[in-house]
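Below is one structure, written out as structure tokens; the observations come after it.
Just the heavy atoms: all of them, side chains too, but no hydrogens, waters or symmetry mates, feed the values below.
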Amino acid sequence: MVQNMKNIISTDKAPAAIGPYSQAVETGGMVYTSGIIPVVPSTGEIPEGSVAQARQAFENLSHLLKAAGTDMEHVIKTTVFIKEMNDFSAINEVYAEFFPSPYPARSCVEVARLPKDVMLEIEAVAVK
């Protein structure tokens, strides 16, 4: 019954799901993304360094939101998981390039490890 209430979103312009989950789900005019990591979708490569990885992750998120019929301006909440809190300022600068003011609400937490040993992962909630 729930399946009729949700629309599964996927795109080859963002990393494919590497487990039993969807890239994003839309329901009730809201889009919920899974965690997006900085993998280059066409090659599977991971850029070097936190700044390059942040740019790639945010680009991947942007493509996924576009596939869902929305964009970065309609994001209302993000959660950013970072491997190293010392990268917070640098990642913040890249974040500000992708999200226009007024900024979405955000949580940012340091974690011990992320998939494929990347430096960050981001998930978002957007209005369609």
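To the nearest 0.5 angstrom, R55 atom CZ is 7.0 Å from F98 atom CZ. Here the OG1-NZ distance, from T27 to K128, works out to 10.5 Å after rounding to the nearest 0.5 Å. Taking CD of Q23 as the start and CG of D12 as the end, the distance is 8.5 Å to the nearest 0.5 Å. Note that CG of L65 and CE of M72 are 6.5 Å apart. Values are rounded to the nearest 0.5 Å. Note that CE of M119 and CD1 of I46 are 11.5 Å apart. Values are rounded to the nearest 0.5 Å.
Side-chain contact check for P104 versus H74: every heavy-atom pair is 4.5 Å or farther apart. E123 is not listed as a side-chain neighbour of T78, based on a closest heavy-atom distance of 4.5 Å or more.
The neighbour count for E48 CD, taken as heavy atoms of other residues, nucleotides or ligands under 6.0 Å away, does not exceed 12. Heavy-atom contacts from other residues, nucleotides or ligands closer than 6.0 Å to NZ of K66 number 12 or fewer. With a 6.0 Å radius and a threshold of 12 heavy atoms from other residues, nucleotides or ligands, K116 has its NZ atom at or below the threshold.
No continuous path of ILVMFWY side-chain contacts below 4.5 Å connects I9 to M30, so the two sit in separate hydrophobic clusters. Linking Ile, Leu, Val, Met, Phe, Trp and Tyr residues whenever their side-chain heavy atoms come within less than 4.5 Å leaves F99 and I76 in two separate clusters. Grouping the Ile, Leu, Val, Met, Phe, Trp and Tyr side chains by contacts below 4.5 angstrom, directly or via other members, places L64 apart from I37. When the side chains of ILVMFWY residues are joined at heavy-atom separations under 4.5 Å, either directly or via intervening members, I82 and Y95 end up in a single hydrophobic cluster. Hydrophobic clustering places V39 together with V111 (ILVMFWY residues linked when any side-chain heavy atoms are closer than 4.5 Å, directly or through intermediates).
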Applying side chain to side chain donor-acceptor pair (under 3.5 Å) to K77 and S107, what does each step give before you reach the verdict? CA-CA 8 Å; K77 171 73 168 86; S107 300; 2.9 Å; yes

Can N92 and R106 be said to form a side-chain contact (heavy atoms from CB on, under 4.5 Å), step by step? CA-CA 11 Å; N92 231 13; R106 179 181 78 183; 2.7 Å; yes

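The shortest non-hydrogen separation linking F58 to V94 is CD1-CG1, 3.7 Å. Summarising the geometry of P38 relative to P47, their closest heavy-atom pair is O-CD, 3.0 Å, with the distance given to 0.1 Å. Taking each heavy atom of P15 and P41 in turn, the nearest pair found is N-CG, 4.1 Å. Nearest heavy atoms, H63 versus T11: O-CG2, 4.2 Å. Shortest non-hydrogen contact noted between N60 and A14 is O-CB, 3.7 Å. Contact between M85 and V109 at its shortest, heavy atoms only, is CE-C, 4.3 Å.
Each of L120, D117, V118 was checked for a side-chain contact (heavy atoms from CB on, under 4.5 Å) with K83, and the lone residue meeting it is D117.
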